[in-house]
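What follows is a set of notes on a single structure, which appears directly below.
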Amino acid sequence: MKKILVTGALGQIGSELTEKLRSTYGEENIIASDIRRPESPTGIFEEIDVTKEKDIYEIAKKYNVDTIIHLAALLSAKAEAFPKVAWEINMGGLVNALEAAKELKLKFFTPSSIGAFGPSTPKDNTPQDTLQRPTTMYGVNKVAGELLCDYYYSRFGVDTRGVRFPGLISYVTAPGGGTTDYAVEVYYEAIRKGRYTSYIAQGTHMDMMYMPDALNAIIQLMEADPDRLKHRNAFNITAMSAAPEHFAEAIGRQIPDFEMNYQVDPVRQGIAESWPDSINADAAKEEWGFEAAHDIDSMTIDMLEKIREKIKRDSA
Ligand code: SER
């Protein structure tokens, strides 16, 4: 990767990935884009509506990029609330981005998710290659997206690569509209109020990962030797399998009087229950050396410290 266009650059992953790519590949080589302009843009920024057929193509061509990192999408709970809009953005955007990559001969990354699995998928140690019959619109989009990316690779030779992200946890940009958002909210509430009411029930395990590991995974996969890749779209990756009480325990080790309560949201609980409890990331480890550096305790220490600094800065 030398010159990279990022769509959805103001989103949960995009806001941090763009900064990391700028520091790794040079500020002049990263073109950030989103549907809206940020209040104070830093670096090169373009407005792109991914659902418009030619927006991505035109900006990719204008800057002569060699890679598209396509992140613009709705998360699971939002997609469940607005399924038709999710189809248009998640699928329409993806096909427009893939077409641009095909026409301009670009490398291509887009994330899939643990949401690409469904109730009939083996729940524990979920294999890389297994049954995928998701029951959410988000999941339908993700499976179709994985297949579409494989298709553009085998049919047109587009160098498509992707991972199935678990719930991503970060202190920079709030996720918004995901099922795993509780694992971010809990840290803010722990600092602000010393307690958190979880909308996901105790005992509900999902895979999770700290954002720095997710960003490293994207870059590592995109820089991996293609001859080693037996899979492309999309690799299972995970750093931990955790339920709400594990976050409560990890936070409790730092804030001893922290309390977790439960008021379950049936929609998001239903989505969570349709996903695996823990996925197997062996293919990613073998084919491109994936490894996560953070576990729940090191992530918790860092999250609490960074959020405290952020709250202090914002109130200064
Ligand atoms: N974090 C995402 C969500 O909850 C899963 O990909 O929607």
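In this text the structure is predicted, and so the values were computed from the model without any measurement. In each ligand, atom 1 is the first atom listed, and ligand 1 is the first ligand listed. All residue numbers in this chain count up from 1 along the given sequence.
The aromatic rings of Y210 and Y171 are tilted relative to each other, their planes meeting at an angle between 30° and 60°. Using bins of under 30°, 30° to 60° and over 60° for the plane-to-plane angle, the ring pair H205/H246 lands in the tilted bin.
When heavy-atom distances to ligand 1 are checked against a 4.0 Å cut-off, Y182 has no atom that comes that close, whether in backbone or side chain.
Cation-pi contact between R268 and Y199: present, with separation from the ring centre below 6.0 Å and deviation from the ring axis of at most 45°.
Nearest to atom 1 (N) of ligand 1 among the protein's heavy atoms is T180 OG1, 2.8 Å. With respect to atom 7 (O) of ligand 1, the closest heavy atom belonging to the protein is S76 OG, 2.6 Å. Regarding atom 4 (O) of ligand 1, its nearest protein heavy-atom neighbour is T179 N, 2.6 Å.
Remark: K54 does not engage E58 in a salt bridge, criterion side-chain N to carboxylate O under 4.0 Å. Between R164 and E146 there is a salt bridge, since at least one side-chain N of the basic residue sits less than 4.0 Å from a carboxylate O of the acidic one.
Near G178, the atoms of ligand 1 lying under 4.0 angstrom from a non-hydrogen atom of the residue are 3 (C), 4 (O), 7 (O). With ligand atoms numbered from 1 in the order given, ligand 1 contributes 5 (C), 6 (O) to contacts under 4.0 Å with heavy atoms of S113.
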